[in-house]
Amino acid sequence: MSHLRLRNSAPTEHETNAIRQRILDIGTQKREIDAEILLLVGRLDARRRSSLALQEEMTVLRATISPFRRLPVEVLSRIFLASLADALSSPSYRSDDVLQPPNMLAHVCSAWRTVALETPELWCTIRLPDLETLCDMENPSCIPTFAERSRRLPIDFQISVSCHRFLGLWLAAIWPISERLESLTVSAPVGYLQPLVGMTSHMFPALRTLDLEVHQKPSWPTHNMSATWDLVERIDAFRAARSLSVVRLSGAVRLAPQQPLPWAQLTELQLHCNDELFTARQILSLCVALETLSLECCSSVGPTIDIPNCVLPKMRSVSLRVPDFARFFQPFSFPGLRELTLVGKKELTAGEINSLIQLHAKSRFELHSLRILRLSFAVETLIPFLHRTWSLKGLHLIDSVSADKDLFGILTYSGELGMHMLLPDLDELTIVHTPSKYVAALKTMLESRWWGDEDGRSTEFSASARLGKVVLSKKVANVVRGKVDASLGRCIQPYISE
């Protein structure tokens with residue numbers, strides 16, 4: 001029939017009958033092939049289902065003999081604790097969230113649930129941040145659940161409240177577990193702390209850390225704010241907490257020396273509040289066992305309260321942001337002081353630096369770290385204090401004075417006869433906001449305090465004068481790295497904002 005395909009001529013009657021017969025034959029063959037395809041497809045689907053079933057069985061069998069399934073209970077418990085520690089590092093973690101450990105771990109399978117419930121350490125931390133909705137407020141059932149599952153272990157309890165409705169339910173829920181609380185953190189408006197007033201002084205025998213952040217909310221339904229301050233002073237629950245050693249108080253709170261807190265036994269104190277400077281000094285004079293102090297108060301206005309000279313022999317670290325450093329240091333002596341941090345937004349006067357010199361003369365401390373943040377000062381006024389703190393190992397000037405050649409000059413080691421090296425033990429140096437025009441002076445100072453080759457070191461140089469870490473602004477760090485020895489360049493790091 002090829003001639004009919006090549007030309008447009010009409011077929012004869014014989015050809016027409018032959019074509020019709022061919023069409024019938026092709027239809028018959030196609031139906032046979034289609035039937036065979038359906039049979040093969042059916043058999044293929046059946047084989048696929050068999051393959052999937054075998055794969056599922058193989059997966060189950062492999063899981064049955066997997067090393068993870070054969071982990072000892074102790075190892076699985078450790079893994080659960082590591083998972084919880086990772087979750088606790090997130091600020092959004094909530095103990096009442098079923099998608100977070102330990103709740104999530106107890107809902108995977110019966111074996112995991114058994115291990116989770118037999119690991120009381122998983123249930124010792126209760127964190128409830130940002131409670132502000134009605135749903136959050138009226139269901140504190142997770143507290144007794146965690147308390148029961150943690151058995152008799154100490155509990156770390158943290159709660160942050162932004163709404164006053166139903167707050168009493170949550171704070172009242174800690175009454176049955178108060179004797180087991182090792183750490184208590186409460187962040188709430190001042191008027192919402194009423195439930196703490198009813199707690200007696202014997203209810204927290206195991207409490208070691210108290211963190212109380214009080215903030216004002218305009219929505220608090222009161223017309224007498226002085227009554228709210230009195231409310232804080234009437235909280236007597238922590239006066240006899242015999243294990244309490246760390247207290248952090250911040251926000252809109254006012255304190256007094258007669259505050260019912262065991263000041264004499266505290267080892268760490270943070271006061272970031274609205275207290276006057278003299279009140280803060282009076283409180284500090286009661287903390288005879290204090291080792292770490294962080295103080296921020298915004299006012300030096302108020303009645304002058306004279307206190308006798310006070311020695312705090314265990315004080316090792318002091319961080320201050322106060323309106324007048326000289327007035328603060330006046331009555332104190334810190335023989336064991338090792339770390340000092342001064343923070344502010346003003347000029348560090350010569351009188352305040354002189355108060356540091358007087359403090360050192362009274363205390364004779366061996367300072368290891370000095371940090372000055374956001375305070376401008378004249379370099380020459382600081383030199384007398386640096387001469388006295390020869391043991392200083394870390395000097396950190398952050399957002400403070402713009403470093404100039406005077407600063408680099410006094411820190412540069414000189415082997416000339418009669419020259420005494422300033423800060424011979426300096427190991428870490430942080431200077432931010434260094435002008436680029438002083439890079440040469442900075443390079444000279446760094447190279448005078450560092451040697452990369454032990455054999456090539458000059459005999460005039462002291463081994464104690466070696467710098468190990470230098471932190472500069474990113475721009476200056478990159479410039480200096482290109483101008484110094486590669487080994488020294490590895491010690492130079494760009495500053496990362498705190």
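- Salt bridge annotation for Glu268-Arg248: present, with a cationic side-chain nitrogen under 4.0 angstrom from a carboxylate oxygen.
- Ring centers of Phe238 and Phe204: under 6.0 Å apart, within the cut-off.
- Note: Phe334 and Phe332 have parallel aromatic rings, judged against thresholds of 30 and 60 degrees for the angle between ring planes.
- Take Ser150 and apply the side-chain hydrogen bond (donor to acceptor under 3.5 Å, both in side chains) test, not counting sequence neighbours, and it matches Arg180.
- Atom CZ of Arg374 has more than 12 heavy atoms from other residues, nucleotides or ligands within 6.0 Å.
- Taking 4.0 Å as the cut-off between side-chain N and carboxylate O, Glu179 and Arg152 count as a salt-bridged pair.
- Remark: Asp97 does not engage Arg94 in a salt bridge, criterion side-chain N to carboxylate O under 4.0 Å.
- Salt-bridge check for Glu291 with Arg316: failed, with every basic side-chain N at 4.0 Å or more from each acidic carboxylate O.
- Using modelled atom types, one finds no donor on one side chain facing an acceptor on the other under 3.5 Å when comparing His272 with Ser250.
- One side chain, Ser77 or Thr119, offers a donor N or O that lies under 3.5 Å from an acceptor on the other.
- Shown here are the ring-ring contact (aromatic ring centres under 6.0 Å, His included) partners of Phe80, two or more places apart in sequence or in another chain: Trp112.
- In this structure Ser83 satisfies the side-chain contact (heavy atoms from CB on, under 4.5 Å) test together with Pro101, sequence neighbours excluded.
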